[in-house]
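Values below: all heavy atoms of this structure, side chains included; hydrogens, waters and symmetry mates excluded.
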Amino acid sequence: RALRPLNAGVTAFATLSPEKRYQARLTFYPTVEFLTAIDGVSFASAWMDAVATIIDSIPVRVLCKAHLITSKKMSKRPLDARDVESLRSR
């Protein structure tokens, strides 16, 4: 229900399995993804270190910079490698 106002096609969280990975893209924010798991970072660590912010009047938690870099390094995609360099230079 939380993502319904964002027009994200996501299964109700109560029916999600912790053994599976889920991903949803917002139809009006193509660069925003909701992930239930990422490589290299535990959920507990990601949650504890998440950055609280507000996007279009909606409070959200986003990965901290260090966890975003870890996740992108784990993907081994060329685009993510470039993102890591860009993130490190900021």
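- Residue Lys65 qualifies as enclosed at atom NZ: its count of foreign heavy atoms under 6.0 Å is above 12.
- Residues passing the side-chain contact (heavy atoms from CB on, under 4.5 Å) test with Thr53, sequence neighbours excluded: Ile55, Val60, Val62.
- Contact record, Thr70 with Gly40: CG2-O, 3.6 Å, taken as the closest heavy-atom pair.
- Nearest heavy-atom pair, Ala46 versus Leu63, reported as atom, atom and distance to 0.1 Å: CB-CD2, 3.8 Å.
- Taking Ile, Leu, Val, Met, Phe, Trp and Tyr as members and joining any whose side-chain heavy atoms lie under 4.5 Å apart, directly or through other members, Met74 forms no hydrophobic cluster with any other residue.
- Every residue two or more places apart in sequence or in another chain that forms a side-chain contact (heavy atoms from CB on, under 4.5 Å) with Ser45 is listed here: Val41, Ser42, Asp49, His67.
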Identify all side-chain donor-acceptor contacts of residues 82-90 below 3.5 Å with residues at least two apart in sequence or on another chain.
residue: Asp83; atom: OD2; partner: Lys72; partner atom: NZ; Å: 2.8
residue: Ser89; atom: OG; partner: Ser86; partner atom: O; Å: 2.8

